[in-house]
Amino acid sequence: MSVESILEGLNPEQTRAVKTTEGPLLVLAGAGSGKTRVLTSRIAYLIEVCGIPAESILAVTFTNKAAGEMRERVEKHLGGEPRELWLGTFHSVCVRILRREIGHLGRSRGFVIYDEGDSLGVVKELLKRRSLDPKVHDPKRIRWRIDQWKNAGWLPSHLAQESGFGGDELNADLYAGYQKLLADSNALDFGDLLLLTVELFRRTPKVLAHYRRRWQYILVDEYQDTNRVQYDLVGLLAGERANLCVVGDPDQSIYAWRGADIRNILDFERDHPEAAVVKLEQNYRSTQPILSGATAVVKNNAGRKDKEMFTERSSGAKIARFDALNDREEAQEVVRRILSSVDGGASFGAHAILYRTNNQSRVFEEELLKYDIAYTVVGGVRFYERAEVKDALAYLRLLVNPRDDQALRRIVNRPARGIGKTTLDRASERAARGGLSLQEGLLEYASESGGRTAAKVRAFLEWIEAMREGIKTDPVHEIASRVLEESGMRRALENEATPEAESRLGNLAEWVVGAEDFHLANAEVLGSEERSGLEIYLDQVALIADLDNYRERAECVSLMTVHSSKGLEFPHIFLVGMEEGIFPHASAMSDEDGLEEERRLCYVGMTRAMQTLTLTAADERRRFGSVNYQSPSRFLDEIPDEWLEETTSEAGRRGRYGGRSVRSGGGSSLDYSYSQEPNESGAVPEGQRVRHAVFGDGTILQSVGSGTNTKLRIRFDRVGMKTIMVRYANLDLI
DNA sequence: CGGTAATTCGTTTTT
DNA sequence: CGAATTACCG
């Protein structure tokens, strides 16, 4: 591969960022400025042009998705991915290091990774052992506090030397206890992965020297979102005179709540006085109104590093603003606009609905369902966090690590096998007293007492032991199906015979397929690895965020939080719920820092849009069952009129609300009830001609289901076949 | 012990 | 309002 083809199509600044390979480099890359392109070209340039061996390069991102995208593009440049190149998330890189080196910290290399739920379980267990009332000492808050400490780089052992625990003696003590419990279970939580890697490097200079020598070139993506531990980690690896390239955009720093410190990027030049700085200011994504509108908002932040983005897409629609009466109408209007955009030739997949908080997705989902529009929700209840999938995974975890108390707790009685709370409490007590794992506690209990329950416990433990046969060698999906069969999970769900159970079975089937995909994708590597396929699989799923699995499907509207949308782009963006208290969120409104982060978040959301951007707000919003009165977000006022266009809905004002002027008509409030037409009983004559507000006229072909869940298969003259819920659809008989 | 009824509780954003 | 945890009875 030639220099020319690597640099082809890059603008002068991008080229400079690629070619400045020696010494520290700060790339300030605005939204849509081709940052990923620069990073991947740089890797290709280092390898192909400078002749740097791939193993000397480390590239770190925040999400697996970003890592995957980079990997793909590097492959394209180089015609194959060099195996020795380390390219991954902070967390996955740390896991890889710890799997080799954690012995230096006196820990076992066979550790499991605890997710947030597991970690909360540990806190609860700890409170129980300390006889502390969870009502008084909120487990969630304690877990959060511990997590903050970890993000800030504090271990309990630092307590003596430092004052960072700030008089919070009880929590500091609980933190120590929490770490002890984790260690007893041979488990690490997310924070530990980073924190212990830093600790490892600090305590064993020999190990640090090894990795430092290896990685002569380090690249860090999204540097503005690094927290203290990540900053330390990068600093340790890069050393004094590092070829360290960090890429980021201070305006897109949106993770302060997770410990990210925007100063890491703002102070890069102070940390590395000899650093070169490249600013990428050309936006290749958005039209002028979108870019200008978004920039105008973020410019209201004080202490901002100035940066002037520009675009050559000077034409384009203004930013649309729509004020709805309530959240329902807001959703209806958004869906209506999506449909009309699709009528105009766009695909559903070109549209994304972005909101501040996950719970806002609900109304939009309902509306999309009404019109039978396919959609995907990113985040919310993630696949690997669904109860049944977590259960199944817990079985696998327990097979690998008998000391995984949280996994055992989860599945010991699922499906019900007569080992209930009391038994578990007794076992747990023994475990606490004798310093045993929960499984050992159970064993002790079962061998010391007779009776029916003890027999059941023995049977269960023996079964688990038997299941451990072959887990080192068998393909993951085979172990997975074995667990589903033999544990009785599958049978229990089948016997339930409810739609929920049905969907769970579906999820589990999908899970097994996923495991098989894993096996196939890694088949050639697995034999040569020291660790078993199952172990590697468990590492991987532990670090998967929902976004990582997200594949854009051309026919699907995407729904996600603004946070999740970072790094993505869509031709048409709907940024919804633009109201005080929601966006900016109430919890961030009291201090200036919080407000500025919200503003950056707003900037991130707006700059996802390529062609059109629609901002919506509602006057009334249902929350906790009661109605709240909302006022429009201050961010709306911060967009100059020149780029903004207020629009009203045609269809929304007519017909549906009986021609009432819903806005200025003087307090007539829209009720939430749905039209029940064609009739209440749901008995709809097939062949009946109907008129739909959006789809137009059509003929009913089939009626499925009964009561409020009746669905109609309708062939519309204009848009073809649709399946529609009677309960929701506003149908008129004609 | 296990299922159902009652009550409580909550909403930020996530690797 | 709805999910999730707890209380209670069979």
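By convention in this document, chain letters (A, B, ...) are assigned in the order of the sequence lines, proteins followed by strands, and residues within each chain are numbered from 1.
Shown here for A:H137 and A:L127, the closest heavy-atom pair between the two residues is O-CD1, 3.5 Å.
Both geometric conditions, a ring-centre gap below 5.5 Å and a plane tilt below 30°, are fulfilled for A:W257 over the base of B:dT13.
In this structure, the CD atom of A:Q230 is 12 Å from the P atom of B:dT15, given to the nearest Å. Taking atom CE of A:M560 as the reference point, atom P of B:dT14 lies 11 Å away to the nearest angstrom. To the nearest angstrom, P of B:dT15 lies 11 Å from CD1 of A:I254. Atom OH in A:Y231 sits roughly 25 Å away from atom P in B:dT15 (whole-Å rounding). Atom CZ in A:R362 sits about 7 Å away from atom C1' in C:dG2, given to the nearest Å. The interatomic distance linking A:H585 (NE2) with B:dG10 (P) rounds to 14 Å, in whole Å. Separating the CD atom of A:E365 from the P atom of C:dG2 is a distance of 14 Å, rounded to the nearest angstrom. Protein atom CG of A:L194 is 13 Å distant from nucleotide atom P of B:dT15, rounded to whole Å.
Mapping A:Y255 and A:L424 onto DNA chain B by nearest heavy atom places A:L424 at the nucleotide closer to the 5' end. Nearest-nucleotide positions on DNA chain B for A:T357 and A:T423 put A:T423 closer to the 5' end.
If you check the side chains of A:H563 and A:T561, you find no donor sitting under 3.5 Å from an acceptor. Residues A:R599 and A:N301 have side chains that bring a donor and an acceptor to within less than 3.5 angstrom of each other. Between the side chains of A:Y178 and A:D189, a donor-acceptor pair is found at a separation under 3.5 Å.
Contact annotation for A:S92: no contact, since no heavy-atom pair falls under 4.0 Å across all strands. As judged by a 4.0 angstrom heavy-atom cut-off over every strand, A:T561 is placed among residues touching the sugar-phosphate backbone only.
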Look for any protein N or O under 3.5 Å of an N or O in nucleotides 2-9 of chain B and output each such pair with its distance, or none.
{"residue": "B:dG2", "atom": "OP1", "partner": "A:G418", "partner atom": "N", "Å": "2.6"}
{"residue": "B:dG2", "atom": "OP2", "partner": "A:N413", "partner atom": "ND2", "Å": "2.7"}

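Applying the salt bridge (Lys or Arg N to Asp or Glu O under 4.0 Å) definition to pairs two or more places apart or across chains, those involving residues 122-131 of chain A are A:E125-A:R129, A:E125-A:R409, A:K128-A:D425, A:R130-A:D173.
Side-chain nitrogen and oxygen atoms of A:N358 include at least one within less than 4.0 Å of the OP1 or OP2 phosphate oxygen of B:dT14. At B:dT14, one or more side-chain N or O atoms of A:S564 fall inside 4.0 Å of OP1 or OP2 (strictly under the cut-off).
Taking every side-chain heavy atom of A:R622 into account, C:dC1 is the closest of B:dT15, C:dC1, B:dT13.
Around atom CZ of A:R228, no more than 12 heavy atoms belonging to other residues, nucleotides or ligands sit under 6.0 Å away.
A heavy atom lying under 4.0 Å from DNA chain B marks none of the residues of residues 117-131 of chain A.
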